Structures are given as structure tokens and as C-alpha cells.
Enquirer: 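Below you'll find the structure I mean.
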Amino acid sequence: MLQGLKYLIVGSGFFGATLAERIANDLGKKVLVIDRRSHFGGNSYTEIDPETGIECHKYGSHIFHTQNAKIWEYVNRFTQFNQYRHRVWTTYQGRVFSMPINLATINQYYGKALSPEDAKRFMEQEVARDRVPHPENL
């Protein structure tokens, strides 16, 4: 079984599985992947719940996202993704803001309509202002 084996990969999460596939298909080399778990996929592994028939993340939710078209095409060769869109919101002083902080969050919080360049300058000023010791903290 191990005759001619050139590569051993320990761990079958995204990185290990991708590396093994690239070595096998691009280099045409034998590769053995081992994992302490009884399945491939690492922490992103899903399984069907026997009671409900619903696909569930065994190790907690995992979200795959990329803006790179080559990566998206590559991973779609091996699986189908649902159209889940991850949105995180927080409440501060009775107002709701999207997270992580982005240009829209900054504009909403400060009641402004800043361009990316203007927001960068504005936030640099805000940070500099907050670094000056306030009299009550002296």
C-alpha cells in the first residue's frame, strides 16, 4: 500500500485536503492523508442528523467565504454551498450597527457620509484625539 508513496499529510481539514488533492492531481504523486478523526473535512465536517434529516456542522458553524474567483471555482468542484449570508449586528446605546466595522458603520455611528479616504483621515483624527490624556484622567 505504501509502495511509491512520496507524501504524507497529517490532517484532512481544508488545508490538508487541498494540499493532498493538488499533489495527487497536479503532480501525479501518491499521497496518504491521515487524521485522528474518522472523517475528512476537519472542523468543517457536516453530517446528517438521523432524527431530522438536516445537515448539521458537527463541530459548530463554519462559514467559507472568498472574493477570489479561482478559489471559489476550485472549492465548488468538490461540494455545493448553500446561499447563507452571514450578518452580524450589535446594539450600542440603543442603536443597531453592523459588524465587523466598515465604512457604513462609521458613517452611521458618526452621522456622516464619508468616502473611504475621508473616513480614514477622520478615524486617524479620532484616534489621535482619544490618545490625548483627558484632564479627569490626570
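Remember, it's a predicted structure, so these values are computed and weren't measured experimentally. Side chains included, hydrogens not; waters and symmetry mates left out as well; all remaining heavy atoms used.
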Enquirer: Is N43 close to R37 at the side-chain level, that is, under 4.5 Å between some pair of heavy atoms?
Expert: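 Side-chain contact under 4.5 Å: yes.
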Enquirer: Does the side chain of H39 reach to within under 4.5 Å of the side chain of E47, using non-hydrogen atoms?
Expert: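 No. Closest side-chain heavy atoms not under 4.5 Å.
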Enquirer: Describe, in one word, how the ring planes of Y45 and Y59 are oriented to each other, choosing from parallel (under 30°), tilted (30 to 60°) and perpendicular (over 60°).
Expert: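 Y45 vs Y59 ring planes: tilted.
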Enquirer: Between K70 and E73, does at least one N-O distance fall below 4.0 Å, as a salt bridge requires?
Expert: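 No, this pair does not count.
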Enquirer: May I ask you to say whether E124 pairs ionically with K120, meaning some side-chain N is under 4.0 Å from a carboxylate O?
Expert: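 Answer for the salt bridge query: yes.
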Enquirer: Do the side chains of I9 and I23 get nearer than 4.5 Å, heavy atoms only?
Expert: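 In contact.
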Enquirer: Which pair of non-hydrogen atoms, one from R95 and one from Y109, has the smallest distance, and what is that distance?
Expert: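 R95 and Y109 have their closest heavy atoms at NH1-O, 3.6 Å.
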Enquirer: So do R77 and E21 actually touch side chain to side chain, heavy atoms under 4.5 Å?
Expert: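 Touching, per the 4.5 Å side-chain cut-off.
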Enquirer: Going through the checks in order, is the side-chain contact (heavy atoms from CB on, under 4.5 Å) test met by Y74 and T18?
Expert: CA-CA 10 Å; Y74 176 77; T18 300; 3.7 Å; yes
Enquirer: Would you please classify the geometry between the F97 ring and the Y92 ring as parallel, tilted or perpendicular, with 30° and 60° separating the classes?
Expert: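 Taking F97 first and then Y92, their aromatic rings sit tilted (interplane angle of 30° to 60°).
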Enquirer: Give a yes or no answer on whether the side chain of T105 reaches the backbone of S98 with a donor-acceptor pair at less than 3.5 Å.
Expert: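 At least one qualifying donor-acceptor pair exists.
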Enquirer: Where is the tightest heavy-atom contact between L103 and A119, given as atom of each residue plus distance?
Expert: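 Nearest heavy atoms, L103 then A119: CD1-CB, 3.5 Å.
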